[in-house]
Structures are given as C-alpha cells and as structure tokens.
Amino acid sequence: MTDPLRHLTEAGRLGRFYIDGAWREPAGAERVGVVSPASETVIAEIAMGSAADVERAVAAARRAFPAWSRTAPTERAALLDRVHGLVLARLELFAQALSAEMGAPITYARQAQVPLAVAHIRVARDLLATFPFLSRRGTTAIAREAIGVCGLITPWNWPLYQITAKVAPALAAGCTVILKPSELSPLSALLFAEVMDEAGCPAGVFNLVNGTGPVVGEGLSTHPEVDMISITGSTRAGVLVAQAAAPTVKRVAQELGGKSPNVVLPDADLARCVPLGVAAAMRNLGQSCSAPTRMLVPRARLAEVEALARTTAAGFVVGDPRNEETTHGAIANRAQYDRIQRMIAIGIEEGAKLVTGGTGRPDGLTGGLFARPTVFSEVRRDMVIAQEEIFGPVLAILPYDGVEEAVEIANDSIYGLGAHVQGTDMEQVRAVAGRIRAGQVHLNSPAWDPEAPFGGYKRSGNGREYGREGLEEYLETKSILGYYS
C-alpha cells in the first residue's frame with residue numbers, strides 16, 4: 001500500500017502514540033486536524049499529547065536506558081541496519097506522506113526528502129564499527145558514554161530528514177528517546193514509529209508523542225528525568241526550550257534559524273553559479289534554515305545576475321505536489337504562507353527592485369498555499385528582507401563593491417548557520433570561506449555530504465548534527481585515571 005492516510009487510518013495509528021514498545025491510547029481526548037497545504041483541507045486528525053503522555057514516555061525511556069546503553073555497538077548497528085532497510089522498502093509510502101502533509105512535490109520527496117533522511121541512518125550505523133567509545137591517554141581511559149534520555153523536537157519543513165538526523169545518532173550512542181514531531185506534519189513520524197516497531201526496537205528505547213510545543217515540548221524540556229533536548233526550529237522556539245531546560249541543567253542542542261549568504265566572487269562563472277544559487281535558495285520552497293537566500297554579487301555584474309536569476313525562476317513549475325512535473329509545491333502551512341506574503345510586500349515597500357515574482361499565487365492557481373518564486377535586487381543590507389529569515393521562495397540580491405565589503409555583508413547577520421562561496425580562484429574562495437562566521441560553508445556548490453557536521457554560530461544555535469560530531473553530541477565524556485596502570 002502506498003496511500004499513507006489509508007494505511008495509518010486502517011492501522012489505527014492516527015489516534016495513538018508509540019510508548020514503551022506499543023501503540024497507546026492518549027491520556028486525553030484532544031485532536032487536531034492535519035491540513036493539506038495544496039488543497040487547504042483537513043486530510044486527517046491526530047491525537048495531541050498531554051503532560052500525562054509525556055510522563056509515560058519519559059518513564060518508559062528511563063526504564064529502558066540502563067540496558068540499552070550497555071548494549072554492544074554491533075547490536076545497536078544491527079537495529080539501525082534493519083531500520084535503514086525498512087525505510088528504503090517504504091520509500092514510496094514515506095514520499096506520499098511528505099507530499100500530502102507538507103506540500104513537497106512528489107518527485108522531490110522521492111529523490112531528496114526520503115533518500116537524504118535514509119543517509120543519516122546509514123552514517124550512524126556505519127560509525128558504530130569504528131567509533132572509539134573507550135580510548136587511552138597515557139594511563140587514563142577516556143570513556144564516551146550515552147548521555148541518557150533524550151527529548152527530540154523536530155520541525156515541519158524536512159519532517160523525516162530531521163527525525164533520522166536525531167534519532168539515528170542518539171540510538172547509536174546508546175541513548176533512549178522521546179520524539180515530538182511537528183503537529184503540522186506528523187504523518188511521516190507515525191510511519192517512522194511503525195518502522196521502529198517492526199525493526200524490533202526494544203520497548204522504551206524509542207517513543208513518540210505528538211503534540212504542541214507549549215505542552216509536549218515544554219513537558220520534555222522541563223522534565224527532570226530528561227537528560228538532553230535536541231531541537232530544530234526557529235530561534236524563538238530554541239530560546240524557549242533553553243529557558244525551560246535551564247533549571248534542570250540538561251544539555252540543549254539547537255539547530256535554529258538562518259539567513260545564509262551566497263558570496264559570488266568577481267571571477268565566478270555566473271552562467272553556472274547563479275542558476276545553482278537560485279535553485280539552492282528556493283529548494284524545498286526556501287523552507288530550509290540553511291537556504292542561501294542572500295546572494296552577494298559584484299555591483300558591476302548586477303544586471304547579468306538579475307537576468308540569469310529571472311530566467312532560472314521562470315523555469316520552475318509551481319503546482320500540485322502530486323504532479324511529477326511539479327518542481328515547487330505548496331508552502332507547508334497557512335501561518336508560513338502568510339508570513340511569506342507579508343515579507344514580499346515589505347520588500348516592495350522598502351524599495352527593493354522586484355526582478356520576478358511578487359505577492360499572491362502564481363498565474364493559473366486559484367487555491368492552495370502556493371507562492372510565487374520571488375527575486376529582489378538592489379537590496380540594501382539594512383532592509384528587513386536582508387536581515388530577517390523569511391523561510392520561503394524569496395531571494396535577495398545584494399551588490400558589493402569589493403571582496404572586503406562582501407565578507408562584511410556576509411557576516412552582517414544575527415545568524416551563522418550556512419554560507420556559500422563561488423569563484424574560480426580557489427585560494428581566494430577558501431580564504432573568503434575562512435572569514436565567514438557560519439557552521440557550514442559550501443564552495444562552488446558541492447554535493448551534499450551527510451558526514452559533514454552541521455550547526456550554527458551566533459543565534460543559529462549550538463551543537464552539531466550529522467556525521468561523527470552528530471553522534472558525539474549524545475555522549476558524555478568520562479575520564480578514568482589509573483585504568484591502564
């Protein structure tokens with residue numbers, strides 16, 4: 001079966017949570033509708049968690065932790081290997097769920113949203129073969145031990161991808177987890193819980209409770225038996241989680257907002273890097289925290305850049321996510337759609353040059369949360385659209401008069417999550433990359449690397465995900481003196 005709604009309905013998953021190795025009825029009766037962004041209709045209803053549900057899940061995770069944390073790395077790798085295979089086997093089911101719940105074009109869901117998510121499971125699995133959980137330093141042993149029970153809070157924009165980026169390394173480290181996915185895109189999370197169950201995950205090691213941030217998210221953040229919170233979301237949400245977690249002095253890993261620069265150096269091949277830059281900024285409809293939505297270009301070449309950006313945007317096909325020809329589907333939810341429309345209007349009011357796009361839906365679309373891919377030029381660094389994260393298909397082109405100014409503009413942000421640098425002189429490209437205050441920098445649009453650590457400087461968060469560093473985030477360090485005497 002490849003219809004996720006029918007599958008979840010017939011299995012009775014929509015009204016339940018996965019706690020302590022079984023599908024449980026919620027403590028309360030609250031339900032919320034899951035809205036299709038393409039049609040703006042309610043396509044399902046899910047149960048919403050309460051403090052009592054959080055308590056049950058945390059208790060289950062706490063009971064399971066001693067045994068799971070002592071398992072051999074090979075046993076944890078075997079579980080992740082089974083999960084990896086089961087997600088791949090259900091690729092189409094997951095892709096259909098992602099398209100339905102957050103408007104991802106079905107082709108993009110099949111080619112990116114699910115495969116990239118699976119890569120996180122593979123990387124965590126493979127790391128276990130060589131990771132030094134015990135190492136020697138003179139006569140002292142350095143032990144890396146699971147931090148404990150982890151609350152994992154994931155967003156609506158890359159639902160499955162963000163789940164696997166947290167769950168896989170946490171389990172690999174020997175932690176037990178409670179997952180709180182976004183209530184706006186919960187279908188893929190329910191399918192993932194089914195996979196964990198079928199893979200034979202021990203009871204209590206993986207738990208899922210749907211619900212809101214103020215109830216379930218805060219419940220996990222404040223709980224004294226939760227040792228760590230990992231959140232991907234807005235900077236505002238990250239601050240609230242950190243504040244709630246502070247009294248219990250738990251570790252908080254935050255992957256938050258961004259306003260990533262794309263520095264096009266004077267010697268860059270514009271015909272190559274501008275189309276790639278526009279596509280990167282608008283990938284997933286710009287609903288990515290690391291999207292390079294500020295393109296910094298030499299003032300003398302501004303007209304060339306504008307023409308290339310306009311042509312690239314004209315090639316996008318915005319429409320029904322179920323259509324395989326669609327390149328850009330619907331904005332994931334009404335609140336985000338309204339924000340994008342407001343920010344485009346602000347850009348126009350601020351006097352930025354509208355190269356293409358604008359407010360409203362694309363021509364021919366009369367309903368659904370569809371936005372026009374929008375490019376602004378002649379953007380000043382102090383404009384709202386140059387400073388605030390829009391989280392939509394909106395690119396701001398900022399001209400500069402020299403490389404020194406380009407670096408200054410790139411760093412003129414409260415964020416520091418990602419960045420891009422384009423140019424043919426690799427010595428200069430590398431030098432500029434080294435001066436940008438961001439956690440991950442892409443040079444000349446390289447292939448995605450699931451082992452490259454990802455995380456932010458400044459208000460883009462703290463901690464790292466992906467690869468070895470993503471696994472280490474879930475570990476404590478213990479030194480045992482005299483171990484090798």
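R144 and T477 share a donor-acceptor pair across their side chains, judged by distance under 3.5 Å alone. Counting only N and O atoms by type, the side chains of T2 and E92 include no donor and acceptor under 3.5 Å apart. The closest side-chain donor-acceptor pair between K259 and S413, if any, does not fall under 3.5 angstrom.
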Determine, step by step, whether F454 and W158 satisfy the ring-ring contact (aromatic ring centres under 6.0 Å, His included) criterion, reporting the C-alpha distance in whole Å, the side-chain angles of both residues, the deciding distance to 0.1 Å, and the verdict. CA-CA 15 Å; F454 179 70; W158 285 83; over 10 Å; no

Taking it one step at a time, do Y108 and L98 satisfy side chain to side chain contact (heavy atoms under 4.5 Å, CB included)? CA-CA 10 Å; Y108 189 68; L98 292 163; over 6 Å; no

Given the rule in the side chain to side chain donor-acceptor pair (under 3.5 Å) test, do K166 and T232 qualify, once you have shown the distances and angles that lead to the verdict? CA-CA 9 Å; K166 296 183 190 299; T232 296; 2.9 Å; yes

Let me see the working for T293 and V394 under side chain to side chain contact (heavy atoms under 4.5 Å, CB included), right down to the final yes or no. CA-CA 7 Å; T293 52; V394 183; over 6 Å; no

Apply the test side chain to side chain contact (heavy atoms under 4.5 Å, CB included) to residues T326 and V318: give CA-CA distance (whole Å), side-chain angles for both, the deciding distance (0.1 Å), then the verdict. CA-CA 6 Å; T326 295; V318 181; over 6 Å; no

What pairs of donor and acceptor atoms, side-chain ones from residues 249-257 against any protein atom, are under 3.5 angstrom apart with sequence neighbours left out?
{"residue": "K250", "atom": "NZ", "partner": "S221", "partner atom": "O", "Å": "2.8"}
{"residue": "K250", "atom": "NZ", "partner": "H223", "partner atom": "O", "Å": "2.9"}
{"residue": "K250", "atom": "NZ", "partner": "V226", "partner atom": "O", "Å": "3.4"}
{"residue": "K250", "atom": "NZ", "partner": "T248", "partner atom": "OG1", "Å": "2.6"}
{"residue": "R251", "atom": "NH1", "partner": "E473", "partner atom": "O", "Å": "2.4"}
{"residue": "R251", "atom": "NH1", "partner": "L475", "partner atom": "O", "Å": "3.2"}
{"residue": "R251", "atom": "NH2", "partner": "L475", "partner atom": "O", "Å": "3.2"}
{"residue": "R251", "atom": "NH2", "partner": "E476", "partner atom": "OE1", "Å": "3.3"}
{"residue": "Q254", "atom": "OE1", "partner": "N462", "partner atom": "ND2", "Å": "2.6"}
{"residue": "Q254", "atom": "NE2", "partner": "G238", "partner atom": "O", "Å": "2.9"}

Side-chain donor-acceptor pairs under 3.5 Å in residues 425-432, sequence neighbours left out?
{"residue": "D425", "atom": "OD1", "partner": "E427", "partner atom": "N", "Å": "3.1"}
{"residue": "D425", "atom": "OD1", "partner": "Q428", "partner atom": "N", "Å": "3.4"}

Distance-only check: which donor-acceptor pairs under 3.5 Å involve side-chain atoms of residues 187-196, not counting sequence neighbours?
{"residue": "S188", "atom": "OG", "partner": "E101", "partner atom": "OE2", "Å": "2.7"}
{"residue": "E194", "atom": "OE1", "partner": "H7", "partner atom": "NE2", "Å": "2.6"}
{"residue": "E194", "atom": "OE2", "partner": "H7", "partner atom": "NE2", "Å": "3.2"}
{"residue": "E194", "atom": "OE2", "partner": "R13", "partner atom": "NE", "Å": "2.8"}

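Counting heavy atoms from C-beta outward, S260 and Y415 have side chains that stay 4.5 Å or more apart. Counting only heavy atoms from C-beta outward, the side chains of V421 and L265 approach each other to under 4.5 Å. Looking only at side-chain heavy atoms (C-beta outward), F376 and T356 stay at 4.5 Å or farther from each other. No side-chain heavy atom of L395 sits less than 4.5 Å from a side-chain heavy atom of P373. Counting heavy atoms from C-beta on, the side chains of T359 and Q341 come closer than 4.5 Å. For the pair W156/E183, no side-chain contact is recorded, criterion being any heavy-atom separation below 4.5 Å from C-beta on. Using a 4.5 Å cut-off on side-chain heavy atoms (C-beta onward), V379 and I385 make contact. Put simply, the side chain of L80 does not reach to within 4.5 Å of the side chain of R76, judged on heavy atoms.
Between the side chain of S182 and the backbone N or O of L184 there is at least one donor-acceptor pair closer than 3.5 Å. Checked by atom type and distance alone, the side chain of N284 never pairs as donor or acceptor with a backbone atom of G286 at under 3.5 Å. Listed for the R272 side chain is a donor-acceptor partner under 3.5 Å among the backbone atoms of N444. Panel note: side chain S234, backbone A237; a donor-acceptor pair is recorded below 3.5 Å. Side chain of S377 to main chain of E306: no donor-acceptor pair is present (N/O by atom type, distance under 3.5 Å, no hydrogens or angles). A distance-only check finds a donor-acceptor pair linking the side chain of T374 to the backbone of G358 [under 3.5 Å]. At least one donor-acceptor pair closer than 3.5 Å links the side chain of T164 to the backbone N or O of A117. No side-chain donor-acceptor contact under 3.5 Å links Q440 to the backbone of A419. Put simply, the side chain of D267 never gets that close to the backbone of G423: no donor and acceptor are under 3.5 Å apart.
In plain terms, the two heavy atoms of L179 and P181 that are nearest each other are O-CD, 3.5 Å. Shown here for N411 and K458, the closest heavy-atom pair between the two residues is O-NZ, 3.3 Å. The heavy-atom pair separating P393 from A371 by the smallest distance is CG-CB, 4.2 Å. Scanning all heavy atoms of the two residues, the minimum distance from T222 to A244 falls at CG2-O, 3.6 Å. Among all heavy-atom pairs drawn from N157 and C289, the shortest one is ND2-N, 4.4 Å. The two residues A104 and P321 make their nearest non-hydrogen contact at O-CB, 3.4 Å.
Taking the ring axis of Y474 as reference, the NZ or CZ atom of R468 does not stay both within 45° of it and closer than 6.0 Å to the ring centre.
Atom CD1 of I390 sits about 10.0 Å away from atom CD of Q336, to the nearest 0.5 Å. The distance from atom CD1 of I106 to atom CD of Q113, rounded to the nearest 0.5 Å, is 10.5 Å. A distance of 6.5 Å separates CG of L128 from CG of L471, quoted to the nearest 0.5 Å. Atoms CD1 and CZ, from I121 and R125 in turn, are 9.5 Å apart once rounded to the nearest 0.5 Å. A distance of 12.0 Å separates CG of N333 from OG of S36, quoted to the nearest 0.5 Å. Here the CD1 atom belonging to I344 is positioned 11.5 Å from the CZ atom belonging to R342, to the nearest 0.5 angstrom.
Environment of CZ in R459: sparse, with no more than 12 heavy atoms of neighbouring residues, nucleotides or ligands closer than 6.0 Å. Environment of CZ in R437: sparse, with no more than 12 heavy atoms of neighbouring residues, nucleotides or ligands closer than 6.0 Å. Counted within 6.0 Å of CZ on R137, heavy atoms from surrounding residues, nucleotides or ligands total 12 or fewer; the atom is thus considered open. For E218, the CD atom sits in a loose shell: 12 or fewer heavy atoms of surrounding residues, nucleotides or ligands are nearer than 6.0 Å.
By the 4.0 Å N-to-carboxylate-O rule, R334 lies close enough to E40 to be salt-bridged with it.
The side-chain hydrogen bond (donor to acceptor under 3.5 Å, both in side chains) test with N262 singles out one residue from H442, H420, Q422, R294, and that residue is Q422.
Residue pairs satisfying the salt bridge (charged side-chain N to carboxylate O under 4.0 Å, His left out) criterion with at least one member in residues 381-410, sequence neighbours excluded, are listed as follows: R299-D401, R339-E388, R380-D382, R381-E408, R381-D412, E404-R435. Contacts classified as salt bridge (charged side-chain N to carboxylate O under 4.0 Å, His left out) and involving residues 390-400 (residues at least two apart or in different chains) are not found.
Scored by the ring pair (Phe, Tyr, Trp, His ring centres under 6.0 Å) test, H120 finds Y161, W448, Y466 as partners (sequence neighbours excluded).
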